[in-house]
Amino acid sequence: KGCPIRLAPLLTTPANINAPWPEMNALWTLYSGLPKRGGGSYATGVCYHNGATFFMRAGDNRNLIGGSQIVEAPSSQVNPVLRADTASGASRRFVIDGLGLMGGTDGCLTVRGDNGFRARVDLADCRMFGSTAGRGVVNIQPTAAAGGGGADVIAVNCAANGGTRDGFNVSGSATLITINCIADWNGWEGSTFNNGYTCHDTSRAIDVRGSFRNNQDRSVHHVHDTQTWMLGSESGTRRGADATDISVCFMINGAGNSGTANMWLDTPRLFNGPSGAAQHGYAAYPSSTLFHANAAVVPAGNPGAGGFAGYGG
């Protein structure tokens, strides 16, 4: 009594992989309305991917076409890409709870707005692992087209691990709020430019109690004109051994990046990685400022020669 209900395998190969609706509808009918402990019932959605197209019936049976869509981007992509529906004439919100994704040529999950519309996505308890190319395991970005929209993402208890490049990658005018999230063991394609959590352009981000460790390059590295606040976040120096570049836990801009980025760090936690390079807790490059509060380790010097100051009294 009170134990979780064990679900059967969700969907085997349907009779017609290009029209899987009979099997999906039967499964939706079977599992929708299951009673919740404490009252009420579950709204159970059903999805199927045939290798080229992603099919979905929402748990509340709403019409996703013309309102919100989960669509396939390039033909080589093996995981769904979320974007705002350009034909819908409005920005849309997606809510994803407990989803696991693996692989993908452009990362596990890409959130973007098209044609001036913004995509808004809420993620909870999602686990995303691996990518073969692209920007990161989780990409939050505008489109390349003129007038491209943006994206606003909130992620709670999520992971973006094991990517060929970055873990969480934010660009354009996008915003990201992460709470109790992890981005570990990213960066496997050989360069020294891959991070656990990285923001670009004019993006904005807030992290609360995130953990970013054992990434190939600086685990937290924000560039250009970003504005970021990290509260209780932990970060480690780089996993890769590169004696020609500094190894830093929290860094803004760098020798190859310019802009007026600001980062606010409150109660950060620092860890040394196995890198052979010099280890530093923080670095800010010219025209950028890193503000710190309640920092257990405050270095005497700033290897990036940018602004470095306390805040909040």
Side-chain angles (χ1 to χ4, degrees), residues 135-136 165-171 176 178 181-187 191-312:
R135 299 183 179 192
R165 296 191 177 179
D166 300 319
F168 290 101
N169 183 301
V170 191
S171 62
L176 172 64
T178 48
C181 291
I182 298 171
D184 291 348
W185 294 102
N186 292 289
S191 76
T192 58
F193 305 106
N194 303 305
N195 315 107
Y197 193 112
T198 180
C199 296
H200 308 77
D201 306 317
T202 59
S203 59
R204 305 287 186 264
I206 298 173
D207 177 70
V208 181
R209 297 187 302 274
S211 179
F212 314 104
R213 302 175 63 180
N214 295 310
N215 294 287
Q216 194 282 328
D217 200 0
R218 275 83 58 162
S219 283
V220 176
H221 190 180
H222 304 317
V223 298
H224 304 135
D225 298 304
T226 56
Q227 306 292 309
T228 55
W229 182 43
M230 318 287 290
L231 175 61
S233 310
E234 66 179 30
S235 178
T237 50
R238 65 170 57 193
R239 182 188 75 245
D242 177 9
T244 64
D245 202 356
I246 62 174
S247 184
V248 184
C249 293
F250 294 93
M251 182 168 168
I252 47 176
N253 278 321
N257 305 112
S258 61
T260 56
N262 292 311
M263 181 193 299
W264 286 264
L265 282 175
D266 194 327
T267 323
R269 292 169 288 173
L270 314 180
F271 298 88
N272 278 348
S275 168
Q279 309 274 330
H280 298 280
Y282 321 96
Y285 275 71
S287 300
S288 300
T289 305
L290 191 153
F291 300 94
H292 63 86
N294 305 311
V297 179
V298 179
N302 173 16
F308 190 77
Y311 80 100

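The model shown is predicted, which means the values in this text are computed figures rather than measured ones.
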Over all atoms of both residues, closest heavy-atom pair of [X] and [Y]:
X: Val248; Y: Gly281; result: CG1-O, 3.8 Å
X: Gly254; Y: Met251; result: CA-CE, 3.8 Å
X: Ser211; Y: Asp184; result: O-OD1, 3.5 Å
X: His224; Y: Asp201; result: ND1-N, 3.0 Å

Rounded to the nearest 0.5 Å, how far does [atom2] of [Y] lie from [atom1] of [X]?
X: Arg209; Y: Asp207; atom1: CZ; atom2: CG; answer: 9.5 Å
X: Leu290; Y: Tyr311; atom1: CG; atom2: OH; answer: 10.0 Å
X: Leu270; Y: Glu234; atom1: CG; atom2: CD; answer: 10.0 Å
X: Ile182; Y: Phe168; atom1: CD1; atom2: CZ; answer: 9.0 Å
X: Leu231; Y: Ile206; atom1: CG; atom2: CD1; answer: 9.5 Å
X: Phe308; Y: Tyr282; atom1: CZ; atom2: OH; answer: 6.0 Å

Set of residues satisfying side-chain hydrogen bond (donor to acceptor under 3.5 Å, both in side chains) with respect to Arg204, sequence neighbours excluded:
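side-chain hydrogen bond (donor to acceptor under 3.5 Å, both in side chains) list for Arg204, sorted by chain: empty.
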Under the side-chain hydrogen bond (donor to acceptor under 3.5 Å, both in side chains) test, which residues partner Ser288, sequence neighbours left out?
Asn253
[X] side chain to [Y] backbone, donor-acceptor under 3.5 Å:
X: His222; Y: Cys199; value: yes
X: Ser235; Y: Cys249; value: yes
X: Arg218; Y: Phe250; value: no
X: Asn195; Y: Thr198; value: no
X: Asn215; Y: Asn186; value: yes
X: His200; Y: Ser171; value: no
X: Asp225; Y: Thr260; value: yes

List the residues meeting ring-ring contact (aromatic ring centres under 6.0 Å, His included) with His221, not counting sequence neighbours, and say none if there are none.
none
Is the count of non-hydrogen atoms from other residues, nucleotides or ligands lying under 6.0 Å from Trp264 atom CH2 greater than 12?
yes
Find out whether Leu176 and Tyr197 are in side-chain contact, i.e. whether some heavy atom of one side chain is under 4.5 Å from a heavy atom of the other.
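Heavy-atom side-chain distance check passes, below 4.5 Å.
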